Each structure stands twice: as structure tokens, then as C-alpha cells.
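What follows is one structure encoded as C-alpha cells, with my remarks underneath.
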Amino acid sequence: MMRPGELGEILVSREEIREMTRRVAAAISRDYEGREVLLVGVLKGACVFMADLIRELTVVTQIDFIAVSSYGKETKSSGVVRILKDLDEDITGRHVIIVEDIIDSGLTWSKLRELLLTRGPASLALCTAFDKPSRRTVANLTVDYTGLEIPDAFIVGYGLDYQGYYRELPEVRTLRLEAR
């Protein structure tokens, strides 16, 4: 079976990803020195970044995962955020960092933040590998830890997918689709 679309240019190389991950981990380690953090990976896209990130952190860290959907099989958010898998850990009184693969419209994070704040964390921060601020539709969205800002292109690789394909690519590439 052939994967949909045609791979375009490399936007972020393996080396740039390594450097980005080390920089983000150093900032988190500095900001949370002496405290324990709970990293919450947003499945499925953030799993690759989170695995690299946790190995670079120098603070005591636990992990959990949450699965949400706002895309389905489309290339643009539907505007509806659904929780597909909730947290296993209680976040009450804990320092929680949500780890995302990409932030674009900000809708998923906005809804997730609203939900998680009702559970009483000591703090709640957002960390993303890639940020597309040009796509932002949610006002006053704060990304606490950003790997790289990227242009408004549909990208795949390093955990990012199109219809479940391309997550395994070690770099980030554009994807050309006939009909988006």
C-alpha cells in the first residue's frame, strides 16, 4: 500500500531536532530545579518528542499520556476537541507540563487547559516541539516552551502524521497533497 501524498523538502533536520530538544529540556530543568514534574504527552504525535525530551531533563520526572482529537483525517482542525484517553495520574497539587507535537490554531490546548485546570494542578505549562503562530485562532495563547517556530505548511515526521503515516521519519518534512 502506498502512503498518501508526496514528501517535500526537509524543514527540520535530525541535528536541529536534537539541538532543539536539548535547549527545551535545559529550560525546563532550570525552571523546575528542585521540583518534580509530570510530563503529559498528547498522543499520538508527541510521543517521539517526549521520549527525547525526558532523556535530556535533569529534574525528577514522571510521565502520563492523554489522547485528544480535533483533526480526524483532515489537515485542518475540526474545531471540536474530544478526549479519547484520559490521564491515569491525579494531577492535584502537581507541576504539570503538557507536551505537544505542534501548536497551530491553539484550540486543542485551550480546551485541554480549561479541563486540566479544574483538576487543581500546582502549575500547568505547555511545551511544544513545533509552533505555527501564523495559524493561531485562540487569542492570548501562551506557549511556555517552544522547540521551533515553523511556517504555515503541512508537515510530517518526528511524530507528526497524515492519516497515520509518516510518524517514523527522523526529520520534519513538508507534505504535498493533491487535494487538501
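Owing to the predicted nature of the structure, the values given are computational and were not obtained by experimental measurement.
Enclosure of atom CD in Glu33 is not indicated, since only 12 or fewer non-hydrogen atoms of other residues, nucleotides or ligands lie within 6.0 angstrom. Applying the 6.0 Å contact sphere to CZ of Arg136 captures more than 12 heavy atoms from other residues, nucleotides or ligands. Atom NZ of Lys44 has 12 or fewer neighbouring heavy atoms from other residues, nucleotides or ligands inside a 6.0 Å radius.
Distance check: Gln62 CD to Leu39 CG gives 10.0 Å after rounding to the nearest 0.5 Å. For the atom pair Tyr145 OH and Thr128 OG1, the distance stands at 14.0 Å (nearest 0.5 Å). Atom-to-atom distance recorded for Arg94:CZ and Glu89:CD is 5.0 Å, nearest 0.5 angstrom.
Side chains of Arg23 and Glu19 form no contact here, defined as non-hydrogen atoms less than 4.5 Å apart. Using a 4.5 Å cut-off on side-chain heavy atoms (C-beta onward), Val99 and Ile54 make no contact.
Remark: the backbone N or O of Ile102 is not paired with any side-chain donor or acceptor of Lys132 at under 3.5 angstrom. For Ser29 (side chain) and Thr58 (main-chain N/O), a donor-acceptor pair under 3.5 Å exists by modelled atom type. A donor-acceptor contact shorter than 3.5 Å is absent between the side chain of Thr92 and the backbone of Gly120. Asp161 places no side-chain N or O within 3.5 Å of a backbone atom of Tyr166 that could act as its donor or acceptor partner. Side chain of Ser110 to backbone of Gly106: no donor-acceptor contact under 3.5 angstrom is found.
Between Phe154 and Tyr162, the ring planes are perpendicular. Angles over 60° get that label, and only those under 30° would be called parallel.
Phe130 and Ile10 end up in different hydrophobic clusters when Ile, Leu, Val, Met, Phe, Trp and Tyr side chains are linked at under 4.5 Å.
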- Message: With salt bridge (Lys or Arg N to Asp or Glu O under 4.0 Å) as the criterion, how do Arg167 and Asp101 come out once you've worked through the C-alpha distance, each side chain's angles and the decisive distance to 0.1 Å?
- Response: CA-CA 11 Å; Arg167 291 187 196 279; Asp101 54 354; 5.1 Å; no
- Show your working on side chain to side chain contact (heavy atoms under 4.5 Å, CB included) between Leu87 and Arg119 and close with a plain yes or no. CA-CA 11 Å; Leu87 298 173; Arg119 299 180 183 183; 3.8 Å; yes
